[in-house]
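Presented below is the structure to which this report refers.
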Amino acid sequence: NQISELRSILDQLEKESLEKGNSVNKNLTNKKIRTNILKSDIRAVQNYTQNKIIMDVAEKFHGIKCDVTKASYEVKERGENPEDCALEDRKDDTIFYHFDRPFKVLKTFLIFEDIEDKDGPFQIVKGSHKLRYKSPFKKFFKFFGKIFINDSDYLLAIEDEKFFINENDVVSCKGKAGDLFFVNTEAWHCGRRISPGGKRIQLWNYIYGDHLSSWLKHIAYFKFLRS
């Protein structure tokens, strides 16, 4: 009942945001509508975006007090523009493995419809948040490229996945409506192609620690090697 109520509220917020031109609306390999709902004062929405259990986990994860910096309602379906152009032109096409930043970041997502293989489930690569994971020097250059050169440089072309990712480490986040996932998107992750008739509906929390101190601690204590 809570999931049904929350989805109805979010669908209405999405409709209003689209009418105002405030939602991200892209049609690539997957068609995506993403609506920022963090500032909503609706209690049912705040119960998720400000959830104490989620924040307690986040603060243990980061080791410092942190806040939800973005919360978005995301609806994805099969898109009409498959990946047939240069990778740098498709930097928002998240069917490609990528990482959000080269230091700790926690996201949660709540799902509103059962997610199966046909729905292009979110995939994350176990252990790949560690710099010493497969091809550490190549990954370091990806880190460097994202920060200093080109924001699209961190995307992995399909043919390059074998150099960076062990297939046995891929976790496919399938589940039932109402399931809540915690993911460290410092690791390689993506959402694969959605099949015709497939759909993925999720509510995301983006939970960062203070950017500078979190990053400096990560480097100073060599956490990128150990944790």
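Just so you know, these numbers come straight off a predicted model, no measurement behind them.
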Inset, instruction - Just do the side chain to side chain contact (heavy atoms under 4.5 Å, CB included) check on Gln46 and Asp41 with the steps written out, would you? - result: CA-CA 7 Å; Gln46 290 181 339; Asp41 58 2; 4.2 Å; yes
Legend entry - Leu203 and its side chain to side chain contact (heavy atoms under 4.5 Å, CB included) partner, picked from Thr35, Thr108, Ile37: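 Among Thr35, Thr108, Ile37, the one meeting side chain to side chain contact (heavy atoms under 4.5 Å, CB included) with Leu203 is Ile37.
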Legend entry - Test side chain to side chain contact (heavy atoms under 4.5 Å, CB included) applied to Trp204 and Glu74, Lys70, Arg34, the passing residue: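 Between Trp204 and the candidates, side chain to side chain contact (heavy atoms under 4.5 Å, CB included) is satisfied uniquely by Glu74.
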Do [X] and [Y] touch side chain to side chain, with heavy atoms closer than 4.5 Å?
X      : Y      : value
Val125 : His189 : no
Thr185 : Phe99  : no
Val68  : Tyr206 : no
Tyr133 : Asn166 : yes
Ile115 : Pro121 : yes
Val183 : Leu106 : no
Glu80  : Lys31  : yes
Ile42  : Leu13  : yes

Heavy atoms only: give me the nearest [X]-[Y] pair and the separation to one decimal.
X      : Y     : value
Ala44  : Glu5  : CB-OE2, 4.2 Å
Glu14  : Ser23 : O-OG, 4.2 Å
Asn205 : Ala71 : OD1-CB, 3.6 Å
Cys66  : Met55 : O-CE, 3.3 Å

Legend entry - Polar side chain donor-acceptor pair, Asn22 to Ser17, under 3.5 angstrom: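 No donor-acceptor contact under 3.5 Å links the two side chains.
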Expected output: side-chain [X] to main-chain [Y] donor-acceptor under 3.5 Å:
X      : Y      : result
Asn36  : Ser72  : no
His98  : Phe96  : yes
Asn81  : Asn27  : yes
Asn30  : Gly79  : no
Asn184 : Glu186 : yes

Mind checking whether [X] and [Y] sit in one hydrophobic cluster, side chains of I, L, V, M, F, W, Y counted as touching below 4.5 Å?
X      : Y      : result
Leu38  : Val24  : no
Val75  : Ile194 : no
Val105 : Val171 : yes

Legend entry - Worked verdict on Ile207 versus Val57 for side chain to side chain contact (heavy atoms under 4.5 Å, CB included): CA-CA 10 Å; Ile207 310 170; Val57 171; over 6 Å; no
Inset, instruction - Look at the aromatic rings of Phe112 and Tyr73 and report parallel, tilted or perpendicular, splitting at 30° and 60°. - result: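 Answer is perpendicular, since the angle exceeds 60°.
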How many angstroms lie between [atom1] in [X] and [atom2] in [Y], if you round to the nearest 0.5 Å?
X      : Y      : atom1 : atom2 : answer
Lys107 : Phe182 : NZ    : CZ    : 14.5 Å
Asp179 : Phe181 : CG    : CZ    : 5.0 Å
Ile54  : Phe61  : CD1   : CZ    : 14.0 Å
Leu10  : Ser40  : CG    : OG    : 8.0 Å
Ile33  : Leu18  : CD1   : CG    : 5.0 Å
Asn47  : Arg43  : CG    : CZ    : 6.5 Å

Inset, instruction - Could you note down all residue pairs passing salt bridge (Lys or Arg N to Asp or Glu O under 4.0 Å) where residues 188-203 supplies at least one of them, sequence neighbours left out? - result: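 Residue pairs passing salt bridge (Lys or Arg N to Asp or Glu O under 4.0 Å), neighbours aside: Glu83-Arg193, Glu161-Arg192.
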Inset, instruction - Please report the C-alpha distance between Thr94 and Lys76 in whole Å, then the side-chain angles of each, then the deciding distance to 0.1 Å, and finally whether the side-chain hydrogen bond (donor to acceptor under 3.5 Å, both in side chains) criterion is met. - result: CA-CA 11 Å; Thr94 51; Lys76 285 187 176 181; 3.0 Å; yes
Inset, instruction - Return each pair, listed once, that meets side-chain hydrogen bond (donor to acceptor under 3.5 Å, both in side chains) where at least one residue sits in residues 117-127; pairs must be two or more places apart or across chains. - result: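 Residue pairs with at least one partner in residues 117-127: Tyr97-Gln123, Asp117-Lys174.
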Inset, instruction - Please identify each residue that fulfils side-chain hydrogen bond (donor to acceptor under 3.5 Å, both in side chains) with Asn1, with sequence neighbours left out. - result: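 Once residues adjacent in sequence are excluded, Asn1 has no partner under the side-chain hydrogen bond (donor to acceptor under 3.5 Å, both in side chains) criterion.
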Inset, instruction - Please say whether more than 12 non-hydrogen atoms of neighbouring residues, nucleotides or ligands are located less than 6.0 Å from CD in Glu167. - result: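 Open: at most 12 neighbouring heavy atoms sit under 6.0 Å from CD of Glu167.
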Inset, instruction - Please indicate whether Gln2 has more than 12 foreign heavy atoms, meaning atoms of other residues, nucleotides or ligands, lying under 6.0 Å from its CD. - result: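 Open: at most 12 neighbouring heavy atoms sit under 6.0 Å from CD of Gln2.
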Inset, instruction - Report the C-alpha separation of Phe163 and Leu156 in whole Å, then their side-chain angles, then the decisive distance to 0.1 Å, and conclude whether the side chain to side chain contact (heavy atoms under 4.5 Å, CB included) test is met. - result: CA-CA 10 Å; Phe163 300 120; Leu156 276 186; over 6 Å; no
Legend entry - Residues Lys15, Asp11: salt bridge by 4.0 Å N-O rule: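 No.
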Inset, instruction - Evaluate the criterion side chain to side chain contact (heavy atoms under 4.5 Å, CB included) for residue pair Trp188 and Ile124; output intermediate values, then yes/no. - result: CA-CA 6 Å; Trp188 291 115; Ile124 192 160; over 6 Å; no
